[in-house]
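FYI, side chains are in, hydrogens and waters are out, and symmetry mates aren't considered; it's all heavy atoms of this structure. Just so it is clear, the structure is predicted and the values come from calculations on it, not from any experiment.
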Amino acid sequence: MSNALPSRSENFAEWYNQLVLKAELADYAPVRGCMVVRPYGWALWENIKDALDKRFKETGHVNAAFPLLIPMSFFEKEKEHVEGFSPELAVVTHGGGEALAEPLAVRPTSETIIGYMYAKWIKSWRDLPVLINQWGNVVRWELRTKLFLRTLEFYWQEGHTAHATAEEAEEETRRMLDVYTDFAINEAAVPVVPGVKTESEKFAGAVRSYTIEAMMGDTKALQAGTSHFLGQNFAKAFNIQYLDKNNELQYVWTTSWGLSTRFIGAIIMTHGDDKGLVLPPRLAPIQVVIVPIYKSDAQRAEVLEAADRIRRALASRFRVKLDDRDNLTPGYKFNDWELRGVPVRVEIGPRDLAKGTVALARRDKPGREGKTFVPQEGLAETIAQLLDDIHHSLYQRALAFRKAHTHEPKGFDEFKEVVQNGWAYAPWCGDPECEAHIKAETKATTRCIPLEGESAEGQKCIYCGKPAKHKLYFARAY
RNA sequence: CGGGGCGUAGCGCAGUUGGCAGCGCACCGCGUUUGGGACGCGGGGGUCGGCGGUUCAAGUCCGCCCGCCCCGACCA
């Protein structure tokens, strides 16, 4: 048990850090707050990327790439945007050995440079809508960092669209929120609450921000994806104008939406257990690992041959790995693959050769409990069903966890109590000052006003007692 | 930036009153093992975070600096 992780209940933060390192998802880079995404972590990101990219294309978007360096002056054009982002900009002041005439910001997000380009490209109502997404990296000089959840540099996609009308832009904003919700639930098995951010929690420069909020294994909330209706703020800042059908000059309406490598953190903290990662089957880099078991050299040859035959038979349907490392015992490999979160493990040994079976172990039920013996005949179909079953039970388990830790406190005393270990769903007056007091007293922030929430009609603010405007979720958050 | 912890082999650490730089794991070789974290024997590997000082002698004492991690304020 030399590689044992701390348990989640004893130290969740430490469990998380060690798990990321030991499962070889990422490692600390030489620069504070930066991480190296290792091949296993990147493979997971690639699967996230593929699943999202497919959805973006299906909803009419195309990919492009905008530059990493942005003239500093661009950030001064939108008032809220500059206030929001200036403190965390990394700035390039020198190039080619000389001081630059104008410093360049390393992009923290690309609304400004894309806005600048859209102003060039958009002239007519016929040019609209513009539906572009970019996969890339951004830099934000955060004070306090954590692997995947908040690093100085992170990878993400950012969609930027321009529309003729507010209605169309709003519709786009909501459509992409739906895409994220669908992705979270149906690919990552992560239950999320889609909703609207309050004024104080919205994106710097947005009219309205939407979010998907997920509950982590320690009951804290994580903003797992965002979609912003930017109104005409950036259009006016960057002069993105077009002539409408009546030959009148109009500003466009824009949106932006993003999901980052932070989502990997969401997956880890939603599904992981004390033995390590539990990866959702549809995103797992390795869906099935085959562990051969043998004693003598003769057995080894026989078992490996059968194991490889099984690998080939499964390879067309699943991402499969045969663990033929000869210097490790099966017991070690079982633990190793459980740490790495592989959803299904196939064990094949001499006894199976004789009987035409394999042992099948499911990661969501670790140890001997999740192990069954099944015929080799029809194995692919058995595994397909098992992966599907694992996906659904992971989702249901996480959903049940969230429900069990979501409360509707009667008064503020109870509110303070429940947000120490869960979410509070409570009425609120809508006053940012009241929101700030709640945060100061409890560390809980407003997460979102759920799209499918209850009316706050006739209810009183959980904090100040004034008439409530919304019923929303409060939680301590990452 | 405030509080805490730490910097010695790839990782985790020990190093007493200043006196040959060590242990466990990992790694390499050989052999035996292999159905829930195997074992024996033999090996390789060091700018003790950096700079300066005290001393015959510094991982150890003194000063300065740097870096990382954790907890807070800020944030996807």
Please state the [atom1] separation for the pair [N] and [M] - nearest whole angstrom.
| N | M | atom1 | answer |
| --- | --- | --- | --- |
| B:rA57 | B:rG12 | C1' | 31 Å |
| B:rC27 | B:rC1 | C1' | 42 Å |
| B:rU32 | B:rC69 | C1' | 43 Å |
| B:rC62 | B:rU16 | P | 13 Å |
| B:rG4 | B:rG19 | P | 30 Å |

Watson-Crick or G-U wobble partner for B:rC56, using a 3.5 Å limit on both distances?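 B:rC56 is paired, partner B:rG19.
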Report the nucleotide, chosen from [options], that has the shortest atom-to-atom distance to any side-chain atom of [X].
| X | options | result |
| --- | --- | --- |
| A:Asn327 | B:rC74, B:rC27, B:rG35 | B:rC27 |
| A:Lys443 | B:rG36, B:rG35, B:rG72 | B:rG72 |
| A:Tyr28 | B:rC74, B:rC69, B:rG72 | B:rC69 |
| A:Glu347 | B:rC70, B:rU34, B:rG35 | B:rG35 |

Whole-Å distance separating the OH atom of A:Tyr332 from the C1' atom of B:rG36: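 In whole Å, B:rG36 C1' lies 13 Å from A:Tyr332 OH.
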In whole angstrom, what separates A:Lys333's NZ from B:rU33's P?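 Checked: the NZ to P distance equals 17 Å.
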Would you say A:Asn17 places a side-chain N or O within less than 4.0 Å of OP1 or OP2 belonging to B:rC70?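 Yes, because at least one side-chain N or O of A:Asn17 sits under 4.0 Å from OP1 or OP2 of B:rC70.
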Please confirm whether the shortest side-chain N or O distance from A:Thr329 to OP1 or OP2 of B:rA38 is below 4.0 Å.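 Affirmative; the distance criterion is met.
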Any luck finding a side-chain donor-acceptor pair between [X] and [Y] under 3.5 Å?
| X | Y | answer |
| --- | --- | --- |
| A:His405 | A:Thr219 | no |
| A:Arg397 | A:Tyr395 | no |
| A:Ser393 | A:Arg362 | yes |

Would you indicate what [X] reaches in the nucleic acid, counting non-hydrogen atoms under 4.0 angstrom: base, sugar-phosphate, or nothing?
| X | answer |
| --- | --- |
| A:Asp352 | base |
| A:Lys439 | sugar-phosphate |
| A:Phe373 | base |
| A:Ala13 | sugar-phosphate |
| A:Arg32 | sugar-phosphate |
| A:Ser296 | nothing |
| A:Gln223 | sugar-phosphate |
| A:Leu222 | nothing |
| A:Gly258 | nothing |
| A:Gln299 | nothing |
| A:Leu328 | base |
| A:Arg144 | base |

Please state whether the rings of A:Trp257 and A:Tyr180 are parallel, tilted or perpendicular, taking 30° and 60° as the class boundaries.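 Because their plane-to-plane angle is over 60°, the rings of A:Trp257 and A:Tyr180 count as perpendicular.
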To check you understand the geometry: which heavy-atom pair defines the closest contact between A:Leu152 and A:Thr145, and what is its length?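 Closest approach of A:Leu152 to A:Thr145, heavy atoms only: CD2-CG2, 3.9 Å.
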Counting neighbours of NZ on A:Lys355 that are heavy atoms of other residues, nucleotides or ligands and sit closer than 6.0 Å, is the number greater than 12?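 Yes, NZ of A:Lys355 has more than 12 neighbouring heavy atoms, counting only those of other groups under 6.0 Å.
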